[in-house]
Amino acid sequence: MAADRDVFRAPKGMLDVLPPESARWIDVVTRFAERARRFGFGLLMTPILEHYEVFQRVGENTDVVRKEMYEFVDRGGRHLALRPEGTAPVVRAFVQHRPPVPWKVWYVAPNFRAEQPQKGRYRQHWQLGAEVLGPPDPDIDVETIALAHGFYRDLGLKQVTLLINSMGDDESRARYVDVLTAYWREHASLLGDEMARAEANPLRILDSKREDWQEMLEHAPQLGEYLTDESRTHFEHVEAGLQALGIDYDIAPRLVRGFDYYTSTVFEFTSNALDAAQNAVGGGGRYDRLAADMGGPPTPGMGFGIGIERVLIACDSEDVLPVPEPHCDVFVVDAVGGTEATRLAYELREAGLTVERAYGGRAVKKQWSAADRSGAQYGVMLAPKEMEQGKVAVKDMRTGEQVDVPRDEVAAVIATRLEGRPS
RNA sequence: GUGGCUGUAGCUCAGUUGGUUAGAGCGUCGGGUUGUGGUCCCGAAGGCCGGGGGUUCGAGUCCCCUCAGUCACCCCA
C-alpha cells in the first residue's frame with residue numbers, strides 16, 4: 001500500500017504545467033495553429049485511446065510498440081492502448097472516414113510511453129503534428145517540412161538543424177538490408193548481444209550512439225547508394241524544393257527514424273542549443289503503405305511530430321519565448337464591503353478589461369500591496385468618501401497619481417488611458 | 001529495463017568527527033493605529049530531515065532496502 005505522499009503526486013515521468021509557465025504553451029500551440037491554417041491544414045482531434053492493433057501496425061519491431069505502450073483491457077473486453085505516437089490515429093481516422101485527398105490535418109495531443117524519464121523525455125509528452133494523406137508528390141514533402149521549419153523560426157529558434165535522408169522504397173530497402181545485414185555479420189563480435197536486433201531490424205543499428213560502434217557505423221554501407229531510380233528522383237526533387245525555398249538542410253545518410261512505417265523521405269530537426277542527449281525537437285517522414293496496411297485505400301502519407309516539451313527546453317537554451325509577465329489592467333480595492341466590488345470587477349471585465357481583486361475582506365493596505373504584485377496598471381478603490389459623491393478613486397500604479405472618477409465612467413476612463421499605453 | 005548522482009520548510013539551500021527543543025534567505029500571512037502599493041523594521045505560520053528497516057546509550061548525519069527526482073544508455077519528440 002503506497003503512502004498518500006507517494007500517490008497524490010503526478011505519475012512518474014509526467015508533468016503538471018502551471019501558470020505562468022502554461023502561458024507559453026498557449027503561445028506555442030497558437031503559433032502552430034496559425035501557421036498550419038495558412039498551409040491549408042485543418043485540426044484533427046482523435047481519441048486518446050485506440051484499439052491496440054492501430055499502434056501495432058506502426059511497427060512490431062519498434063520499442064515504442066513492443067515495450068513502452070500503456071495498454072489495457074477495458075470493461076467490454078476491448079484491448080486498448082494510450083496513444084504512443086501521433087501518426088497512427090490520423091491514418092486510422094483517414095481509413096475510417098475516407099475524406100477526399102489530399103487530406104491535410106494537424107493535431108496537438110499527448111503521447112504516452114512507459115520509458116525511463118530523463119531530460120526532454122517524459123512518459124506523457126505533447127506533440128504538435130501535421131500529416132498529409134494524398135499523392136506521393138515530393139512537393140508535399142517539401143511543404144510539410146517547410147511548415148515545421150517555419151514554426152521553429154516563428155518561435156525565434158535559430159539553432160535548429162534540418163536533417164534529411166531517404167529510406168527508399170521497398171525494392172531499395174530490400175537490396176540495402178541484404179548488404180547491411182551482411183556487414184553486421186562481419187562485425188558480429190563487436191555487436192555482441194545486439195546481433196539479434198541487428199538481424200531483426202538492421203536499419204535501427206545505424207543511428208546508435210554507442211561510442212565503441214561509431215567507427216564501424218561510419219564505414220557501414222549507405223542506403224543512398226542502393227536507391228532505385230524512382231526513389232532517387234523523388235529525393236532529388238525534395239532537395240530541389242527545399243533549396244528553392246531557401247531552407248538549409250544536411251543529408252544524414254544514417255538517419256533512419258524509429259518507426260517501421262517510414263518509406264522514402266525521412267527528416268529530423270535537432271537543436272544544437274540543447275545540452276541534453278534528447279536533442280531531436282521534431283521529426284517525421286513518408287509512410288506510403290500505412291493506410292493500406294490498415295485496410296484503407298492505398299494512400300501515401302507524409303507528416304511529422306514536434307515535441308512541445310523539447311521545443312520549450314530549446315527555447316530556454318536559446319533564451320527566446322520567455323514566460324510572459326503577468327498582465328493586469330485593473331485591480332479593484334474594496335474598502336466598503338458588500339457587493340460593490342463584485343459588481344465593479346464584473347462590469348470592468350465585461351468592458352473588456354483584465355481585472356483582479358482581493359478576497360476575504362483584507363486590510364486596505366494589504367489590498368494595495370496585492371494590487372502592486374498583480375502588475376495592474378490601475379488601482380480602483382471603492383471607499384466611503386468617494387462613494388458618497390458617486391465616485392471611485394482611480395490610481396495610476398506606476399506614477400502613484402490618483403484621481404476621483406464618476407462611478408459610471410470608470411470603465412471608459414481606464415479604457416481610454418490604456419489605449420495610449422500599450423503594455 | 002540497466003547504470004551514475006541526488007532527496008532537510010512552498011522555493012533555493014545551511015546543518016560542524018552521529019550528541020540536547022532542526023536553521024537561513026526568498027515567498028506567504030499578520031503588525032508598524034484612523035482608508036493607499038513598491039523600500040524598511042517587527043512577528044507568525046509552515047518540516048513524520050522522501051519512506052521502511054538496521055547499527056548505536058543516542059541517527060538529518062553511518063549501513064541496507066525501497067520510492068521519487070535527475071542525468072546517461074537503450075529508444076524516441
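Per chain, numbering begins at 1; letters A, B, ... match sequence-line order.
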- prompt: If you take atom types as modelled and just measure distance, does the side chain of A:Lys395 reach the base of B:rG37 with a donor-acceptor pair under 3.5 Å?
  reply: yes

Criterion side-chain contact (heavy atoms from CB on, under 4.5 Å) on A:Leu321 and A:Arg31, from CA distance to verdict: CA-CA 12 Å; A:Leu321 202 80; A:Arg31 286 171 198 242; 3.9 Å; yes

field: A:Gln389, CD: over 12 other non-hydrogen atoms inside 6.0 angstrom
entry: yes

query: Given atom CZ of A:Arg121 and atom P of B:rA77, what is their separation to the nearest angstrom?
result: 12 Å

task: Return no unless some side-chain N or O of A:Arg373 is found under 4.0 Å from OP1 or OP2 of B:rC29.
output: yes

query: Has A:Gln116 got a side-chain N or O lying under 4.0 Å from the OP1 or OP2 atom of B:rA72?
result: no

A:Gln127 side-chain N/O to B:rA77 phosphate OP1/OP2 under 4.0 Å: no

- request: In whole angstrom, give the distance that lies between atom CD1 of A:Ile313 and atom C1' of B:rU70.
  value: 12 Å

task: Calculate the interatomic distance between A:Gln118 atom CD and B:rC74 atom C1'; express it in whole Å.
output: 9 Å

query: Taking atom P of B:rG31 as reference, at what distance in whole Å does atom NZ of A:Lys366 sit?
result: 5 Å

task: Using the C1' atom as the reference point in each nucleotide, state the distance between B:rA9 and B:rG50 in Å, no decimals.
output: 14 Å

- line: Whole-Å distance, A:Glu115 CD to B:rC71 P, equals 14 Å

- prompt: Does A:Arg204 put a side-chain nitrogen or oxygen below 4.0 Å from OP1 or OP2 of B:rC74?
  reply: no

- prompt: Quick one: is B:rC67 close enough that its OP1 or OP2 comes under 4.0 Å of any side-chain N or O from A:Arg9?
  reply: no

message: Nearest whole Å is fine: how far is B:rU36 C1' from A:Tyr378 OH?
response: 17 Å

Interatomic distance where CD belongs to A:Glu268 and P belongs to B:rA77 [whole Å]: 7 Å

